[in-house]
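Please read the structure below before turning to the comments.
By convention in this document, chain letters (A, B, ...) are assigned in the order of the sequence lines, proteins followed by strands, and residues within each chain are numbered from 1.
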Number of protein chains: 2
Amino acid sequence: MQPRYIKIKSAIIDSIEAGKMKPGDKVDSENQLAEIFKVSRMTARRALTELVDEGVLARSQGLGTFVNDHRPMSSLLEIRSIDDEILQRGHTYSNQVLTQLKVKATSEQGAWLDVPTGTELFHTCIVHYENELPVQLEDRLVNPQWAPDYLTQDFSQTTANHYLNSVAPLTQADHAIEAILPTQYVAKSLAIEPNQPCLQVSRRTYSAKGIVSYALLFHPGNRYRIGGHLDFSHSIRS
Amino acid sequence: MQPRYIKIKSAIIDSIEAGKMKPGDKVDSENQLAEIFKVSRMTARRALTELVDEGVLARSQGLGTFVNDHRPMSSLLEIRSIDDEILQRGHTYSNQVLTQLKVKATSEQGAWLDVPTGTELFHTCIVHYENELPVQLEDRLVNPQWAPDYLTQDFSQTTANHYLNSVAPLTQADHAIEAILPTQYVAKSLAIEPNQPCLQVSRRTYSAKGIVSYALLFHPGNRYRIGGHLDFSHSIRS
DNA sequence: TGTATGCACTTGTATATACAAGCTGGTTGG
DNA sequence: CCAACCAGCTTGTATATACAAGTGCATACA
């Protein structure tokens with residue numbers, strides 16, 4: 001037997017999907033639902049509360065409960081850590097560290113990490129391979145303040161991503177995805193032709209205290225794509 | 001004065017962030033919390049329930065409530081409807097319909113929309129302009145079954161995206177993002193050089209009943225990028 | 001006319017209580 | 001020794017009740 005609050009949720013969702021109620025329409029109040037379904041107000045309330053949590057309804061004190069607008073048609077696209085992704089596909093993962101040293105921030109680099117020009121930064125360039133084929137060049141700048149031991153890590157064992165997340169758990173991130181033509185260095189590192197388009201992901205990660213790292217991730221257009229699957233359905237009938 | 005269940009939530013989050021409790025650790029039971037904070041079990045329960053909803057804790061009947069693992073370090077990246085995006089930037093949006101007609105599905109197209117080869121489909125090609133500059137070529141196939149009036153729409157008024165979402169609300173979507181070199185047709189439509197890399201987003205959208213549409217969105221690499229900002233912090237102190 | 005008060009309705013918070021159902025560990029009986 | 005059972009913990013569902021607080025409307029008053 002289904003719990004009663006689930007039945008009420010289903011009934012509300014049904015009447016929305018059947019078109020009986022449109023976005024903006026007022027839903028029966030907690031007391032009305034309680035009477036209609038012969039349950040206590042708290043049980044009716046639970047049904048409404050969960051639908052609000054799921055984004056189906058919206059409430060405001062004193063006014064009532066209303067059918068929500070279609071939630072913004074924004075799709076979410078997942079970007080995962082490269083090694084997890086490759087391993088999950090059942091392929092072999094390996095990498096090669098090209099560069100692992102200290103640098104002094106140029107004005108541009110300083111702006112990215114929000115530090116003064118000339119600040120000492122850590123810089124790594126690592127190529128990631130899927131089945132011996134290069135699929136990502138990771139060009140990363142790290143603020144030593146949040147990850148002082150970054151340079152002494154063995155990145156053949158743990159990825160920069162995982163290490164940084166362990167010492168300074170990320171709280172926010174900025175992303176940008178672009179299509180570019182590779183520089184000579186990028187083309188050589190990824191073993192592609194100079195006129196082969198690349199997918200460039202630039203990612204800036206924040207921990208609680210500040211900007212941890214700025215990474216440029218280059219992917220050969222013919223060997224890599226970013227994918228994702230999304231599910232917006234709100235008919236969760238557990 | 002803060003509600004009491006908020007105080008309990010804060011206390012739990014604090015002790016997690018202070019390192020007193022690690023992922024996997026057991027949290028005080030509802031009855032224990034009730035006694036500690038001098039509230040009823042239902043109030044303590046509400047604190048736990050909301051933290052479970054937020055992904056901070058996990059519960060199982062008979063066992064107890066536990067601190068959740070750090071949620072998978074997957075980043076989410078937003079893709080919005082092109083016209084909304086342009087308007088929100090304060091720029092002018094316009095478009096031009098290149099193609100709007102019926103076609104018979106090739107075997108490839110049939111596979112994309114999960115219909116037999118030869119099925120009648122709707123096909124549109126629309127160029128979207130930001131400040132008179134082309135930023136997206138939208139090449140879209142639509143299953144007439146879910147949107148029979150698609151061809152008679154005036155897409156200078158409403159975008160395909162918005163129209164489809166109104167007649168067949170989307171419940172799921174697949175995405176793939178790639179960097180490609182444009183075909184001659186794409187380069188001409190977007191007014192770019194043939195060697196200028198393009199960002200290609202292919203998106204397949206589902207409604208409750210089936211696959212509604214398959215779209216290829218081409219963006220000139222030098223005029224468009226996909227961006228997003230994410231926030232993982234779970235210290236939600238409403 | 002315009003303002004103020006208060007009532008009726010809504011959601012929000014909080015309590016006390018009851019029983020159902022899942023899990024664990026110990027005790028009991030074969 | 002092992003299996004069955006049960007007691008005692010946990011979370012899950014459900015009710016009845018109370019008061020607080022936000023909103024809108026109608027009524028009463030100046």
Interatomic distance where [atom1] belongs to [X] and [atom2] belongs to [N] [whole Å]:
| X | N | atom1 | atom2 | result |
| --- | --- | --- | --- | --- |
| B:Met42 | C:dA18 | CE | C1' | 11 Å |
| B:Arg4 | C:dA16 | CZ | P | 9 Å |
| B:Ile6 | C:dT13 | CD1 | P | 7 Å |
| A:Glu35 | D:dA16 | CD | P | 13 Å |
| B:Lys38 | C:dA16 | NZ | P | 12 Å |

(request) Taking only the side-chain nitrogens and oxygens of B:Thr43, find out if one of them lies under 4.0 Å from OP1 or OP2 of C:dT15. (result)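 B:Thr43 to C:dT15 OP1/OP2: side-chain N or O found under 4.0 Å.
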Let me have the donor-acceptor pairs involving side chains of residues 146-153 of chain A, under 3.5 Å, with sequence neighbours excluded, atom names and distances please.
residue, atom, partner, partner atom, Å
A:Trp146, NE1, A:Ile211, O, 3.1
A:Tyr150, OH, A:Thr124, OG1, 2.8
A:Thr152, OG1, A:Asp149, O, 3.0
A:Gln153, NE2, A:Asp149, O, 3.3

All N/O pairs under 3.5 Å across the protein-nucleotides 9-12 of chain C interface:
residue, atom, partner, partner atom, Å
C:dT10, OP1, A:Ser29, OG, 3.2
C:dT10, O2, A:Gly62, N, 3.3
C:dT11, OP1, A:Thr65, OG1, 2.9
C:dT11, OP2, A:Glu30, N, 3.1
C:dT11, O2, A:Gln61, NE2, 3.2
C:dG12, OP2, A:Arg45, NH1, 3.4
C:dG12, OP2, A:Arg45, NH2, 3.3
C:dG12, OP2, A:Arg59, NE, 3.2
C:dG12, OP2, A:Arg59, NH1, 3.3
C:dG12, OP2, A:Arg59, NH2, 3.4
C:dG12, O4', A:Gln61, NE2, 3.4
C:dG12, N7, A:Arg41, NH2, 2.8
C:dG12, O6, A:Arg41, NH1, 2.9

(request) To the nearest 0.5 angstrom, please state how far the CG atom of A:Asn95 sits from the NE2 atom of A:His128. (result) 6.0 Å
(request) State which residues pass side-chain hydrogen bond (donor to acceptor under 3.5 Å, both in side chains) with B:Ser15; sequence neighbours excluded, sorted by chain then number. (result)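 If we apply the side-chain hydrogen bond (donor to acceptor under 3.5 Å, both in side chains) test to B:Ser15, skipping adjacent residues, there are no hits.
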(message) Holding to side-chain hydrogen bond (donor to acceptor under 3.5 Å, both in side chains), I want the full list of residues that pass it with B:Asp139, two or more places apart in sequence or in another chain.
(response)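 Once residues adjacent in sequence are excluded, the partners of B:Asp139 under the side-chain hydrogen bond (donor to acceptor under 3.5 Å, both in side chains) criterion are B:His123.
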(request) Taking side-chain contact (heavy atoms from CB on, under 4.5 Å) as the test, write out the residues that go with B:Ser29, two or more places apart. (result) B:Asn31, B:Gln32
(request) Enumerate the residue pairs fulfilling salt bridge (charged side-chain N to carboxylate O under 4.0 Å, His left out) with a member in residues 152-175 of chain B, sequence neighbours excluded, ordered by first and then second residue. (result) B:Asp174-B:Arg204
